[in-house]
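What follows is a single structure, written as structure tokens, with notes after it.
In each ligand, atom 1 is the first atom listed, and ligand 1 is the first ligand listed. FYI, the numbering just counts along the sequence from 1. As the structure is a prediction and not an experimental result, all values here were calculated from the model.
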Amino acid sequence: MSKRLTLLVLVLLFCFFAGCATNPITSRQELMLFSPQQDIEIGRKYAPELEKQLGGRIADQTLQNYINSIGQRIASVSHNPNFEYRFVALNHESTNAFALPGGHIFITRGMLEKLETESQLAAILAHEVAHVVARDTMNVMSNQIGIDALLSAVTSESTPAGVTTAANLTNQIIGLSYSREDEKTADLAGLDYMTWAGYNPYGMVETVQMLQNLQESRQIEFFSTHPSPQNRLGYLTQKIQTQYPNVTALKVGKQDYHRYVLQNL
Ligand SMILES: [Zn+2]
């Protein structure tokens, strides 16, 4: 047998015994060692520790409800609305946003301060929802942290040893980095989700532009966990022009963002 065929047989055998899942965004079969229910369990397990390590939640409940309601609207039109979606603003000065497996999505105070409209916020949340739907976080976690460590942390109860493991793993999770291909897929799927949810897709173009401008003067945390794929502005603008040429009726939400977020930070 050729090397290629041998590899294919091995992958098929592995998929049969270990498990594969279809990525609903790309329709491709991907090796996946966890069930969607385990994504949710891992998300639940690490979310409290991650919140603690990144300054805790911003106290203003109006702001939290506003962010969560926008996120829920986006998740409900995504390729997989069935995860346990939660959108939380963290009291941390870094400029970042990230997703845990299973639907826990976080955005920092530093990022919120730099945005200007609801559609820009929707762009960030939609990009993270796409990572959850594609199960990118779970893939990267099992590659970069290791399946054994994750599984033992999931199965271990809150014994002192288990707590230490969760804290260590949380640090690693904060530093996880996706591939450029996953980033591009999340950009393009996120663009669909925000538009289907009623937001002006140029909010994503503006956000990318703003973050790239900032990155030129200093290091932005978002780019350490989300390497910027090349020509991001180009493929986003092209997709909008071909798929969503008529955006005038879609929401930008500058006043709402000012009222519910910027005034409450
Ligand atoms: Zn990303």
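- The Zn ion (ligand 1) lies at the vertex of an angle of 110° between the NE2 atom of His131 and the OE1 atom of Glu183 (rounded to 10°).
- Residue contacts to the Zn ion (ligand 1): Asp182 brings no N, O or S atom closer than 2.8 Å.
- Annotation: salt bridge (Lys or Arg N to Asp or Glu O under 4.0 Å) contacts involving residues 254-265, sequence neighbours excluded, comprise Lys251-Asp256.
- In this structure, CZ on Arg28 lies 11.5 Å from OG1 on Thr22, to the nearest 0.5 angstrom.
- Under a cutoff of 6.0 Å and an axis angle of 45°, Lys184 and Tyr235 form a cation-pi pair.
- For Ser69, the side-chain contact (heavy atoms from CB on, under 4.5 Å) partners two or more places apart in sequence, or in a different chain, are Arg73.
- Vertex the Zn ion (ligand 1); arms to His127 NE2 and His226 NE2; angle rounded to 10 degrees, 110°.
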